[in-house]
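Just below is one structure, and these are the notes that go with it.
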There are 2 protein chains.
Amino acid sequence: MVSRVSPKVADPAVRTTLIETAARLLATEGALTLRRLADEVGTSTMAIYTHFGGMNELRREVRREGFARLAEHMNGVATSRDPVTHLSLLGWAYFTNAITNPNLYRAMFMEQPIDLEDAASGIETFQTLVTSIQRCIDAGRLSPADAVELATQIWAVTHGLVALHLTGFLELDQASESLAGASLNLLVGYGDDRRAAHRSIGRARGMIGR
Amino acid sequence: MVSRVSPKVADPAVRTTLIETAARLLATEGALTLRRLADEVGTSTMAIYTHFGGMNELRREVRREGFARLAEHMNGVATSRDPVTHLSLLGWAYFTNAITNPNLYRAMFMEQPIDLEDAASGIETFQTLVTSIQRCIDAGRLSPADAVELATQIWAVTHGLVALHLTGFLELDQASESLAGASLNLLVGYGDDRRAAHRSIGRARGMIGR
DNA sequence: ACCATGCCATAGCAGTGCTATAGGTTATCC
DNA sequence: GGATAACCTATAGCACTGCTATGGCATGGT
């Protein structure tokens, strides 16, 4: 039976406000609790349940919000004439985004196992990385290979350095330096000339004032 | 005023029982709560406070226990004549240990920021990796470089793959394959001959029946 | 005007880590 | 051997967490 009267419908603005406030609380206070969020938005705890069903689903939406911001951030890097420079810039964008929003990054990539569809939405921006690598291969800078596999390796080392920093095992400088070093060594392993790779990475670092 | 009588002293056996039970609960149930632990051991919640001071300190001890097991596991790998094979075996040992005890690994390397001294105790086994890499350099397989820096890069990519698997972003097979691939490419970047590195890694994989 | 519909405030549930208090145990001293 | 001081721990209760049953109420179609 389809409802024939349309009573008070959920205000979609409340939904986005909840997500954005949740992301802000996560960023500023480092934690996200149901009651704290309800107080901040000025509603009751039930609002979260009518709009999302529970905290898990709300956290999922916060993650999606984080993924969207990350995609926006990475799509914002200018395409360089040197494809390896562009690839390096993508790496720095990912790294910088994580360092700037550590709590959001934790929620996105370091929390308890997430479901498959959620992981898929997170890998969306992964395609940007794959495309950039494919461009390096097509330009003859890297040896022919599966771009997805190479992208996975670069993603892993970048995420690993970020994660080890966020958990306190690596200082920021160490993580940053190792990102440059590991990128260089991986690129050489991918077939790039060491000097050329070094120049491309240096160019990228120069472009972001590092 | 120094106490001149020595009353009932804390039973050290209770302490180790608490740590081991906590590690077991973390492994079997995936979560560790104060009351659950107290029930399991058959004591009251106060025991945790007299022995550790709180859940944070208990969790720290569980981490130390995990670090000890990891060190034991990695020190147990046989030294091969081929230093790169040994290095590869270390990587697989780390990877296997993490996959076998995912919850303990999470507690050790993926939880909220840990304090410096705790991170130091975790890096203890890191020295094993550094030594193995230094041996590769000394044997002429890898170009002269800072072994600590190279070890950081290998650690980062291995941890990154493990972490991405544990959070659901990578299937186990993908993580496993990328570990081999990234190791190969990094080794080439470190100066090893591609064929030689491939052979050394393959030898390691053969030794662990993979 | 009616009223079905669905949002949301209230109050309460079981669970969490933590703590104040009181009782019990034990090694030492006289 | 008894008294004593020091220490451990069981009990009960605190504030907090996510969650839910309930009922009031605003809304928009009839």
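Computed from a predicted structure; not experimentally measured. Chain letters run A, B, ... following the sequence lines, proteins first and then strands; every chain starts at 1. No hydrogens, no waters, no symmetry mates; every other heavy atom, side chains included, goes into these values.
For the residue pair S178(B) and E149(A), a side-chain donor N or O sits within less than 3.5 Å of a side-chain acceptor on the partner.
The CG-P distance, from N56(A) to dT17(D), rounds to 16 Å in whole Å. Rounding to whole angstrom units, CG of residue L34(A) and C1' of dC16(D) are separated by 12 Å. Across the protein-nucleic acid pair, R59(B) atom CZ and dG17(C) atom P stand 6 Å apart, rounded to whole Å. Remark: P of dC7(C) and CZ of F52(A) are 13 Å apart, rounded to the nearest angstrom. Put simply, CD1 on I48(A) is 9 Å from P on dA9(C), counting in whole angstrom units. Between the P atom of dC7(C) and the NE2 atom of H51(A) lies a distance of 7 Å, rounded to the nearest Å. Atom-to-atom, CG of L18(B) to P of dG17(C) comes out at 14 Å; the value is rounded to the nearest Å. When the C1' atom of dA14(C) is taken as reference, atom CZ of R36(B) falls 16 Å away, rounded to whole Å.
If you check dA10(D), dT20(D), dG17(C) against the side chain of T33(B), the one that comes closest is dG17(C). Checked against dG18(D), dA9(C), dC8(D), the side chain of T50(B) finds its nearest nucleotide in dC8(D). For Y49(A), whose side chain is taken as the heavy atoms from C-beta onward, the closest listed nucleotide among dG17(C), dT9(D), dT20(D) is dT20(D). Here the nucleotide nearest the side chain of V14(A), chosen from dG17(C), dT9(D), dC8(C), is dC8(C).
Under a 3.5 Å cut-off, the side chain of R106(A) and the backbone N or O of L166(A) do form a donor-acceptor pair. Between the side chain of S88(A) and the backbone N or O of V84(A), no donor-acceptor pair lies under 3.5 Å.
Looking at R35(A), its side chain comes within 3.5 Å of the base of dG18(D) through a donor and an acceptor atom.
Nucleic acid contact for T45(B): base, since at least one base atom lies under 4.0 Å from a heavy atom of the residue. Contacts of M55(B) with the nucleic acid, taken as non-hydrogen atoms under 4.0 Å apart, involve only primed sugar atoms and P, OP1 or OP2. Residue L58(A) is classed as having no contact, given no heavy-atom separation below 4.0 Å to the nucleic acid. The residue S44(B) sits close to a base: some heavy atom pair falls under 4.0 Å. Within 4.0 Å of L37(A), counting heavy atoms only, lies no atom of the nucleic acid at all.
Where A47(B) and M46(A) meet DNA chain D, the nucleotide closest to each residue was compared, and A47(B) sits on the side nearer the 5' end.
In this structure, Y105(A) has its ring center closer than 6.0 angstrom to the ring center of Y94(A).
Aromatic ring orientation, H159(B) versus H159(A): parallel (interplanar angle below 30°, classes split at 30° and 60°).
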